[in-house]
Amino acid sequence: MTEATGLPPRESMDYDVVVVGAGPAGLAAAIRLKTLSSEISVVVVEKGSAVGAHILSGAVVDPIGLDRLAPDWRDDADCPLKTLVSEDRFYFLTSSGGVRLPNWPMPRLMNNHGNFVGSLGALTRWLGSRAEGLGVEIYPGFAATELLFGDRGEVVGVATGDMGVGRDGRPKASFTRGMELKGKYVLLAEGARGSLSKLAIARFGLDSASGPQKYGIGLKELWQLAPDRFRPGLVQHTFGWPLAKGSTGGSFLYHYGDRLVSVGFVVHLNYQNPTLSPFDEFQRFKTHPLVRDTFAGGKRLGYGARAIASGGWQSVPKLVFPGGALIGCAAGFLNFARIKGSHNAILSGMLAADRVHEALSAGRSNDELAAYDQEWRGSDIGADLYKVRNVKSLWSRFGLVAGVGLGGFDMWTNQLFKTSLFGTLKHGKPDSSTLKPISEVAPIVYPKPDGVVSFDKSSSVFVSNTNHEEDQPVHLRLTDPTVPIRENLPRYGEPARLYCPAGVYEVVYADEARRTEPRFVINAQNCVHCKTCDIKDPAQNITWVPPEGGGGPNYSDM
C-alpha cells in the first residue's frame with residue numbers, strides 16, 4: 001500500500017514513447033515512429049471507449065498530411081475517405097435570405113478543390129488499424145489523468161486514472177488501480193484544451209511568450225438525407241445570421257458518403273452577451289430558408305460538440321518541455337479561417353516523431369526536443385497558419401461583416417506578397433473575460449425547437465450516445481462551489497447553463513415562481529467533453545478533468 005493514499009501502488013510499464021490521445025496527431029506520430037524504426041516501442045492511450053469515439057469534426061480534409069504519412073491511402077479500399085469536393089458555396093445570411101458570394105475573389109487557400117469530405121472518426125479508426133498493424137499498442141478506455149515527473153522535474157510518463165471509484169471518492173468493489181506508463185518521451189495529442197496539456201503549459205510556462213489561446217465551440221449533427229436532397233461533394237459555408245453584434249462564427253454543411261451530411265455551427269467564445277446559447281444558435285440556423293429544405297425527409301443520426309483552438313500562429317505556445325511535446329490541436333494548429341486542422345495535426349505528429357527518432361537514435365531521453373519547436377514555423381504547418389494569422393483578430397475588432405472583408409484582403413496580401421499591412425495583430429483578452437454584465441445586454445430569446453429540424457439539448461445528448469458511470473467523482477470541479485450563485489448568477493445570469501451544449505449546468509430554485517434559494521446543479525453524466533466550461537467560465541472556477549476511462553460520448557462516424 002502507498003502511505004500517502006492508502007491505495008495499492010500502480011503497476012508500471014516502460015516504453016520508448018507514450019502518446020496521449022488516439023486522434024490524427026497521436027496516431028500519425030505513432031505510425032511515423034514505427035515506420036522509421038520497428039524497434040521503437042510506442043503506446044497510445046485514449047480516453048474514449050474506442051478509437052474515434054471522441055472524434056468530432058466537419059470534416060473536409062486537406063490530403064497533404066495523409067499523402068506524406070500513408071502515400072498509398074487512396075488505393076486502400078478500407079480507407080473511408082472517398083468523396084472529393086465537387087462544389088464550394090459561400091453565403092452571407094440575413095434572417096430571411098442570403099447572398100451567395102462569388103468564388104473567384106476568395107483567397108486561394110479557401111478553395112477546397114482537391115480536398116476530401118468524410119468522417120474524421122472513421123478515418124481515425126483506419127489510422128488506428130494501420131498503427132496496430134505496425135506494432136503500436138493502443139489502449140482505448142484508459143484516460144491519462146496525471147503527468148509523472150523525474151528527479152529533475154522532467155516528464156517521464158503518465159498515469160491512467162483509477163477505475164471503480166465512488167462519488168464519495170472511496171474505492172468500490174470494482175476498484176482497479178490505474179497504470180503508470182513510462183516513456184523516454186511523452187507526446188500530448190489530447191486536442192484543444194486537453195487536461196494534461198493544460199497542466200504542462202502551466203507548469204513549464206509554455207505560453208509565457210505567446211498570446212492567449214482563443215477558442216470556438218463547434219456543434220455538429222450528422223444527418224442522412226432524402227435522395228433528392230443529396231449533392232455528393234457539396235461544401236457550403238455561411239456567416240451572418242443568426243449571430244448578432246458582439247458575436248462571430250459561421251456554419252458548415254458537407255455532403256458525402258451514403259447520403260450523409262455533416263451540418264455544424266461554430267461560435268467563437270469571445271462573444272459578449274451572457275444570454276447567448278451556442279446550442280440554440282445552431283438549432284435556429286437550421287431553420288433558415290436556405291438551409292431547412294436540405295433536411296426535408298431526412299433523419300438526424302448524431303450530435304456532438306467540441307471546443308476548437310482558433311488563436312493560430314500567434315497563440316501557439318512553446319511546444320516542448322523536458323520529456324515531451326504538444327502536437328496537433330493540443331498545440332493549437334487548427335487553421336481557423338479554413339476550419340481545418342486534421343492535416344496540420346498529422347504533419348505535426350510526423351514532425352515530432354522525426355525529432356523523437358533522432359533523439360532516441362542518439363541515446364537521448366526525457367530532454368527537450370528543441371528542433372521540433374524551432375522547425376514548425378518554417379514547415380507547411382507554419383506556412384498554412386501564417387497566411388491567416390490576422391483573420392481572427394480582424395473579426396474580433398471589426399465585427400463579422402467588416403472583419404470578413406478585411407480578413408479576406410489580408411489573406412490575399414499574404415498569399416501574393418507574403419506580408420500584411422497589419423503586421424501580426426495580437427489577440428485581445430482571453431475568452432473568459434469578454435462577457436458583459438447581464439444588466440448591459442438585451443437578453444436573447446430563442447424559439448422552441450420544432451422537433452423536425454431543431455431539437456432540445458436532452459434529445460441531442462441522447463443521440464450523442466453519451467454515457468458515464470454515475471457513481472463516480474464529478475469530473476467538472478469547482479474551485480469555489482459558492483462562486484456560481486454568489487458571483488456569476490447576479491452578474492451574468494450564470495452563463496454556464498447556456499454555453500454548455502449538453503445541459504450539464506442548471507440553476508434550480510426552491511420556489512421557481514419567486515426564484516428563491518437558487519442552487520447550482522452539475523449533471524456531469526450529460527457531459528460531451530467539449531471543454532467549453534473550462535474555457536468560458538468568467539470566474540475561471542471550473543476545471544474539466546477526465547472522468548472514468550471510456551466515459552463520455554460514443555460518436556459513430558462523426
Side-chain angles (χ1 to χ4, degrees), residues 15-33 42-48 54-55 124 131 136 138-140 142-150 153-161 180-207 210 213 306-309 315-334 341-342 344-356 359 365-370 372-373 376 381 529 531 534 543-546 549:
Y15 295 88
D16 291 316
V17 183
V18 177
V19 180
V20 180
L27 292 173
I31 289 170
R32 179 67 170 176
L33 283 165
V42 184
V43 64
V44 180
V45 288
E46 164 58 41
K47 66 182 178 66
H54 289 179
I55 295 294
T124 300
V136 176
I138 303 178
Y139 296 117
F142 289 87
T145 61
E146 184 181 340
L147 291 173
L148 303 176
F149 298 96
E154 77 280 17
V155 171
V156 296
V158 302
T160 63
E180 289 188 354
L181 303 173
K182 294 186 177 180
K184 297 172 182 176
Y185 293 99
V186 174
L187 300 180
L188 299 180
E190 303 170 290
R193 197 72 167 196
S195 54
L196 296 189
S197 304
K198 182 180 173 183
L199 290 172
I201 289 169
R203 182 182 179 98
F204 296 105
L206 303 182
D207 60 350
S210 63
Q213 185 57 268
R306 185 68 171 92
I308 59 175
S315 290
V316 174
K318 181 181 178 183
L319 299 180
V320 296
F321 48 87
L326 307 173
I327 60 177
C329 286
F333 284 148
L334 179 120
S342 59
N344 285 338
I346 291 171
L347 291 173
S348 69
M350 294 178 67
L351 183 60
D354 287 347
R355 300 302 157 252
V356 169
S365 64
N366 304 111
D367 59 356
E368 286 196 1
L369 300 164
Y372 168 57
D373 188 55
W376 78 265
I381 304 168
H529 299 198
K531 318 288 181 66
D534 195 296
T543 299
W544 188 98
V545 299

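The figures here come from the full heavy-atom set of this structure, side chains too, leaving out hydrogens, waters and symmetry mates.
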Using the side chain to side chain contact (heavy atoms under 4.5 Å, CB included) definition, which of the options Val155, Leu188, Val158 pairs with Val18? Val158

So how far is it from Leu351 CG to Leu369 CG, rounded to the nearest 0.5 Å? 10.0 Å

Which heavy atom of Ala325 sits nearest a heavy atom of Val320, and at what distance? CB-CG1, 4.1 Å

Set of residues satisfying side-chain contact (heavy atoms from CB on, under 4.5 Å) with respect to Val156, sequence neighbours excluded: Leu148, Glu154, Asn366

Can you tell me if Phe321 has over 12 outside heavy atoms packed within less than 6.0 Å of its CZ? yes

Kindly give the heavy-atom pair with the smallest separation between Leu27 and Ala131, and that separation in Å. CD2-CB, 4.4 Å

Evaluate side chain to side chain contact (heavy atoms under 4.5 Å, CB included) for Arg306 paired with Lys531, printing each intermediate quantity in order. CA-CA 7 Å; Arg306 185 68 171 92; Lys531 318 288 181 66; 3.4 Å; yes

With sequence neighbours excluded, what pairs up with Ile308 under the side-chain contact (heavy atoms from CB on, under 4.5 Å) test? Val266, Leu334

Give every donor-acceptor pair under 3.5 Å between a side-chain atom in residues 192-205 and any protein atom, sequence neighbours left out.
from	atom 1	to	atom 2	distance (Å)
Arg193	NE	Asp534	OD1	2.8
Arg193	NH2	Asp534	O	2.9
Arg193	NH2	Asp534	OD1	2.9
Ser197	OG	Glu190	OE1	2.6
Lys198	NZ	Asp534	OD1	2.8
Lys198	NZ	Asp534	OD2	3.1

Can you give me the closest heavy-atom contact between Gly23 and Ile55, atom names plus distance? CA-CD1, 3.9 Å

For Gly324 and Tyr185, the nearest pair of non-hydrogen atoms, with its separation, is N-CD2, 4.5 Å

Run Trp376 and Val316 through side chain to side chain contact (heavy atoms under 4.5 Å, CB included) and show every step you take. CA-CA 10 Å; Trp376 78 265; Val316 174; 3.6 Å; yes

Roughly how far, to the nearest 0.5 Å, is CG of Leu181 from OH of Tyr139? 8.0 Å

Taking all non-hydrogen atoms of both residues into account, name the closest pair between Arg32 and Asp354 and its distance. NE-OD1, 2.8 Å

I want to check something: taking the side chain as every heavy atom from C-beta on, are Leu33 and Val136 in contact at a cut-off of under 4.5 Å? no

Within the structure provided, determine whether Tyr372 and Val356 are in side-chain contact (heavy-atom separation under 4.5 Å). no

With salt bridge (charged side-chain N to carboxylate O under 4.0 Å, His left out) as the rule and sequence neighbours excluded, what pairs involving residues 322-331 come up? none

Heavy-atom closest pair (Gln213 atom, Ala309 atom, distance to 0.1 Å) is CD-CB, 3.9 Å

The complete set of salt bridge (charged side-chain N to carboxylate O under 4.0 Å, His left out) pairs with one or both residues in residues 315-331, sequence neighbours excluded, reads Lys318-Glu368

Would you mind reporting whether Leu319 and Phe333 have side-chain heavy atoms less than 4.5 Å apart? yes

Flag if over 12 foreign heavy atoms under 6.0 Å of NZ, Lys184: no

With His54 via side chain to side chain donor-acceptor pair (under 3.5 Å) - residues at least two apart: Lys47

Do you know which of Val43, Val186, Val42 makes side chain to side chain contact (heavy atoms under 4.5 Å, CB included) with Tyr15? Val43

